[in-house]
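Since this is a predicted model, take the numbers as computed values, not measurements. One-based numbering, in listed order, for ligands and for the atoms of each.
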Amino acid sequence: MSRCEKYDVGKYKYELKKLNKNTPSKKKIVKKTVKKPTKKVKKTKTLRKHKSNYNSKYTIQDVYVQNNMIIIDFNTRITSSYLTFFEQKYSRLTKDVFNIVGTFKEAKQTKLKMNNVHRITVSQFKKDRIRIVLSNKTNLKTLFRIKKNRIIIEVTNIPKSKNRTRISPLMKKRYSFKRNKIVVIDAGHGGKDSGAIGPGKKYEKHAVLKVAKNLYKILKKEGYKVYITRTSDRFIKVRNRTILANKKRADIFISIHANAAPKAKASWANGIETFFLSPARSDRAKRIAAKENKSDMRKMDYSTKSSFLTILNRPKITASQKLAIDVQKNILYRLRKSYKNVKDSGVREGPFWVLVGAQMPSILVEIGYITHPLESKRLYSRKYQLLLAKGIAKGVNSYFAKNP
Ligand SMILES: [Zn+2]
């Protein structure tokens, strides 16, 4: 029944184990200079040299606001030497600046909200250091304390009760891995490129657009930053699809397509499969890729084609494969709750041009065969389209929960 479980999931676990073993080499901290604060200085701590105990595994797992506190959770026990503080005074603004040793993946200029504080930003301002800046018109009184693997920065001169930003532990967990994750959804084909055509002039481009738009709405609602390559029936060059993803610095790229079988096989060929990019292995993958690549593969110049192989790096392939497995599993799970005979055609690798240019883990989901009598009907039903999107979204959640 489930090929996915028999073959690919095992591989996923193995890959995960292998990845976890790969801890980066130790780094030494060189002398730190702390910026001289202007005018009034309240508290300043200098960063001491960390002997051997600092390396890049000191990652920050989460940064969030609870009442009048900013909480920074590390993956390990920490000391006060992890933090330096200074204050900057401007004519209309006071800034409390905290530099904290550690890397935090989600720190691409995150903003935190705390009532009565004008602005709080979190950024990875150096490779191994994040910076939290509290800006306010009036002077804020801040204190920090260290608790095992946690730094708590407390603003003591704002009314506690007015803060509504309390996040329950559960919410926090749900929230933390989605925050700032950027997903680009690609609705395959469009405009003059109809994609595959099924009986009764059923076009691939229509079914995939519906699913893509559903997915867009769901992910957006869940708190992701989401972009979509098209929201209407218009033609987009294959290359421009990943250009969008790269420009938006997406964390993942999901291209949605539907399959078609030649007449002789149309009555029985069905199933859902998820591809991740790799040089073609099987004839089958090559064939499907050739079909999906058709729209403007010919226009690709030599250098684009030859860069294909160089772009493929192991970590990206592994991440793409994980994403593919999570998405495939969850689509099947969702659909099978409501529909019988949902076929798992597995997670596969293939040389899809649409995935080539993407700098992030990327997959291509073939949501089914528009040439199959039963599957085709389903692919154009609203309920099925929605469940497909829900399944993909669950897969995305599952991927990020495991690979923050
Ligand atoms: Zn397609």
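Rounded to the nearest 0.5 Å, atoms OG1 (T138) and CG (L93) are 10.0 Å apart.
Residues passing the salt bridge (charged side-chain N to carboxylate O under 4.0 Å, His left out) test with R145, sequence neighbours excluded: E154.
When each of K213, K205, K192 is tested with D233 by the rule salt bridge (Lys or Arg N to Asp or Glu O under 4.0 Å), just one qualifies, namely K205.
Looking only at its N/O/S atoms, H189 has NE2 as the one nearest to the Zn ion (ligand 1). Residue-level check: among N/O/S atoms of H257, ND1 sits closest to the Zn ion (ligand 1). The Zn ion (ligand 1) sits nearest to atom OE2 when only the N, O or S atoms of E204 are considered.
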Determine all donor-acceptor pairs shorter than 3.5 Å in which one atom belongs to a side chain in residues 382-392; sequence neighbours excluded.
residue: Q385; atom: NE2; partner: L379; partner atom: O; Å: 2.9

